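A short worksheet on the structure shown next.
Note that this is a predicted model, so its numbers are computed, not measured. The figures that follow rest on heavy atoms only: side chains count, while hydrogens, waters and symmetry mates do not.
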Amino acid sequence: MVLEKIQKENDIKKLSPGELNSLADEIRQFLIEKLSVTGGHLASNLGVVELTMALHLEFSLPQDKLIWDVGHQSYTHKLLTGRKGGFDVLRKYRGMSGFPKRRESDCDAFNTGHSSTSVSAGLGYVAARELSGENYSVVSIIGDGSMTGGMAYEALNNASHLKSNFIIVLNDNNMSISENVGGMSRYLNGLRTAQAYTGLKKGVEDTLKKFPKGGERIISQVKRTKSGIKQLFVPGMFFEDMGITYLGPVDGHDVRRLVRVLHEARRVDHAVLVHVITKKGKGYGPAEQNPARFHGTGPFEIESGEPKDKELKDSYTDVFSKVLADIGKHDEKVVAITAAMADGTGLSRFARMFPNRFFDVGIAEEHAMTFAAGLAAGGMKPVFAVYSSFLQRAFDQTIHDVCLQNLPVVIAVDRAGLVGSDGETHQGVFDLSYLSMIPNMTIMSPKNRWEMADMLRFAVEFPGPVALRYPRGTAYEGLRQFRAPVEFGKSEILYEEGDIAVIFVGHMSELAEQVRMELKDTGYACSLVNARFVKPLDTQMLENLAEDHSLFVTIEENVLSGGFGEQVLEYVNRAKLNVRVRNIAISDDYVEHGNVELLRKEVGLDKEAIVKQAVSDYLMIKDR
């Protein structure tokens with residue numbers, strides 16, 4: 001196998017042309033086989049095999065810097081830098097990350113996990129290179145989906161002023177996770193199909209060369225003009241007009257041609273964009289036919305592409321999807337917004353049923369939030385569904401455009417809490433903290449599938465901003481017997497006894513139940529309280545419980561700092577309630593990738609750890 005010859009970075013340069021052709025096939029087969037067992041980002045990686053090979057052939061790592069936007073398409077890069085053995089533990093706890101990680105390899109120039117960041121990071125490297133007088137190439141690889149993010153344009157605007165080489169590779173597969181939307185997508189589609197430009201340019205040059213006198217001189221003069229020959233035949237070339245040389249489009253699955261154009265790009269003394277056309281999922285039929293399904297996949301059967309573990313029960317996202325669609329049937333003012341995640345957030349159903357009331361704004365969470373604010377100001381009832389990790393990108397817009405005006409925008413915060421295999425960049429463990437600090441914001445979190453439905457209906461009718469927070473995975477079906485109407489700012493006491501009160505947030509319900517039962521089996525009276533609302537805090541409930549409880553134990557899957565538990569502790573201290581508070585949350589750190597249950601044990605969010613801490617605190621109180 002040719003792949004066995006790749007033991008470290010730059011080994012690819014030793015291969016013959018024939019071996020390079022075999023290598024591409026072997027890499028695809030390797031990725032399909034490994035990811036069918038571990039799961040991971042398959043379609044995006046199958047699409048960049050030849051592009052990655054060309055980058056490694058033209059550049060020398062780790063001296064030269066390759067910066068992958070998002071980074072979930074870096075599997076071939078990891079293979080070519082000697083990390084083949086890591087794929088058996090890909091995305092597992094303490095195993096190899098599914099994203100570039102500087103601590104993992106010197107060949108990973110920059111940690112990434114969110115989109116539209118690579119050009120900015122690359123510019124930083126270029127500035128550092130010039131200031132330190134070093135000599136290396138910087139290449140930022142960005143997808144056409146990421147080009148819908150505003151940060152990419154801020155960076156391109158900055159890059160247009162460069163006086164030294166900086167290469168931007170635009171990997172264009174007409175996809176982000178779902179199919180791309182918007183003006184940039186249409187623009188790039190025009191470039192993809194504008195084969196006339198490439199042919200016309202070459203035809204004009206060939207014709208001028210045949211002139212008996214002056215042909216070469218005319219070509220040279222034309223090329224020296226500010227706009228270049230492209231602008232003669234493609235007026236308004238977006239990148240060229242910004243001062244960024246445009247090369248392409250080029251076939252992203254032709255290694256030799258890619259190497260040639262990358263070599264040409266290295267010779268440009270300013271910013272240059274290489275437009276590469278690739279096919280997401282290339283080489284594996286099921287992924288080619290359904291690239292969104294194989295964007296991030298669990299283990300699957302190679303022959304059919306079907307998941308090995310089919311989830312039969314509804315997830316919280318499924319419940320959200322069905323209930324929102326039902327609400328939409330009865331209320332024409334309800335509209336739905338996604339930032340290129342219609343499938344992942346469950347909005348595809350709403351989009352099919354109400355296409356005129358569904359808006360996919362592309363990978364642009366900041367714009368999505370302010371767009372929602374505008375819809376609300378115009379009398380609509382917008383629901384913006386977004387992963388917790390990506391909501392971070394719209395923090396200012398949430399404050400300035402939604403909450404400052406107290407507009408009725410529903411933020412459906414999906415993938416909240418620990419999400420597992422994608423690791424630090426995707427864990428949704430900060431939202432309770434940063435949302436809680438915003439005036440006018442209301443934060444809710446359901447204990448099970450039925451409360452999820454009730455809370456969504458409540459949120460859509462609420463006259464101000466509401467964040468509805470729920471996790472990835474199967475919707476809990478326990479505690480069904482408790483279904484009191486949702487009342488603004490009021491918690492729900494499920495069991496009231498004495499001694500210890502366990503107060504949980506949202507999907508910590510099952511764990512909190514287990515903690516209560518263990519404490520009772522150990523001989524302690526224990527109340528169980530569903531917080532329901534993280535903001536506003538139900539202070540009356542806290543005061544009532546403090547009368548006959550010695551210890552409050554708060555449980556949340558969020559960082560401790562600024563979270564629900566700290567709010568409880570702050571109120572207890574301020575009100576001088578005679579009760580001890582133990583906050584169970586995630587410490588001041590980033591949580592790496594791995595199985596969610598394993599990660600919970602690692603951070604102390606498991607039954608044994610919580611019960612041990614609660615008993616210790618309670619005994620300490622009684623010994624005083």
Aromatic ring proximity, centroids under 6.0 angstrom, [Y] and [X]:
X	Y	value
Phe99	His593	no
His275	Phe239	no
Phe294	Tyr284	yes
His270	Phe166	no
Phe87	Phe30	yes

Any donor-acceptor N/O pair, [X] side chain to [Y] backbone, under 3.5 Å:
X	Y	result
Asn165	Val268	yes
Asp360	Ala340	yes
Gln7	Gly82	no
Gln73	Leu46	no
Glu557	Leu418	yes
Thr112	Val70	yes
Thr148	Ile363	yes
Ser116	Ser146	yes
Thr370	His367	no
His253	Thr278	no

Salt-bridge present ([X], [Y]; N to O < 4.0 Å):
X	Y	answer
Lys34	Asp88	yes
Asp431	Arg469	yes
Glu50	Lys279	no
Lys14	Glu19	no
Asp422	Arg91	yes
Glu597	Arg600	yes
Lys280	Glu288	no
Glu58	Arg266	yes

Check whether more than 12 heavy atoms from other residues, nucleotides or ligands sit under 6.0 Å from atom [atom1] of [X], and answer yes or no.
X	atom1	value
Lys163	NZ	no
His161	NE2	yes
Phe110	CZ	no
Glu134	CD	yes
Asp106	CG	no

Are any non-hydrogen side-chain atoms of [X] and [Y] less than 4.5 angstrom apart?
X	Y	answer
Asn173	Asp144	yes
Val255	Leu57	yes
Ile32	Ile302	yes
Arg260	Arg256	yes
Ser105	Lys78	no
Asp269	Leu162	no
Tyr75	Leu35	yes
Asn171	Ile142	no

*Report yes or no: is the cationic atom of Lys65 (NZ for Lys, CZ for Arg) closer than 6.0 Å to the six-membered ring centre of Tyr136, at no more than 45° off its axis?*
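Yes, Lys65 lies over the aromatic ring of Tyr136.
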
*Using the ring pair (Phe, Tyr, Trp, His ring centres under 6.0 Å) rule, pick out the option among Tyr590, Tyr387, Phe390 that qualifies with His426.*
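Running ring pair (Phe, Tyr, Trp, His ring centres under 6.0 Å) over Tyr590, Tyr387, Phe390 with His426 returns exactly one hit, Phe390.
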
Nearest heavy-atom pair of [X] and [Y]: which atoms, and what distance?
X	Y	result
Pro286	Ser304	CG-O, 3.9 Å
Ser60	Asn10	CA-OD1, 3.5 Å
Met151	Ser120	CE-OG, 3.6 Å
Ala364	Ala339	N-CB, 4.0 Å

Which distance, rounded to the nearest 0.5 Å, do you find between the [atom1] of [X] and the [atom2] of [Y]?
X	Y	atom1	atom2	value
Leu31	Thr76	CG	OG1	5.0 Å
Asp172	Ile277	CG	CD1	4.0 Å
Phe359	Phe371	CZ	CZ	4.5 Å

*asked:* For Thr345 and Arg415, which I'm curious about, is there any donor-acceptor pair between the side chains at under 3.5 Å?
replied: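 Side-chain D/A pair, Thr345 to Arg415: absent.
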
*Can you find a side-chain donor-acceptor pair between Ser348 and Asp343 that sits under 3.5 Å?*
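There is such a pair (donor and acceptor under 3.5 Å, judged by atom type) between the side chains of Ser348 and Asp343.
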
*Under the side chain to side chain donor-acceptor pair (under 3.5 Å) criterion, do Ser433 and Asn558 qualify, and how do the steps go?*
CA-CA 8 Å; Ser433 299; Asn558 187 79; 3.0 Å; yes

*Test salt bridge (charged side-chain N to carboxylate O under 4.0 Å, His left out) on Arg102 and Glu424 and set out the steps.*
CA-CA 13 Å; Arg102 296 177 69 203; Glu424 297 102 320; over 6 Å; no

_His72 and His295 aromatic ring geometry - parallel, tilted or perpendicular at 30°/60° bounds_ =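 Perpendicular.
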
*For His77 and Asp108, what are the C-alpha separation, side-chain angles and deciding distance, and is it a side chain to side chain donor-acceptor pair (under 3.5 Å)?*
CA-CA 9 Å; His77 165 76; Asp108 291 357; 2.9 Å; yes

*List the steps, then state whether salt bridge (charged side-chain N to carboxylate O under 4.0 Å, His left out) holds for Arg83 with Glu104.*
CA-CA 10 Å; Arg83 285 174 271 178; Glu104 191 177 284; 2.8 Å; yes

*Check the pair Val559 / Asp589 against side-chain contact (heavy atoms from CB on, under 4.5 Å), numbers first and verdict last.*
CA-CA 8 Å; Val559 292; Asp589 202 356; over 6 Å; no

_Derivation of the side-chain contact (heavy atoms from CB on, under 4.5 Å) call for Glu26 and Gln29_ = CA-CA 5 Å; Glu26 288 182 20; Gln29 189 59 39; 5.7 Å; no

*Step by step, work out the side-chain contact (heavy atoms from CB on, under 4.5 Å) result for Thr398 and Phe384.*
CA-CA 11 Å; Thr398 306; Phe384 174 31; over 6 Å; no

_Test salt bridge (charged side-chain N to carboxylate O under 4.0 Å, His left out) applied to Asp11 and Lys8, step by step_ = CA-CA 6 Å; Asp11 278 355; Lys8 63 182 185 307; 3.1 Å; yes

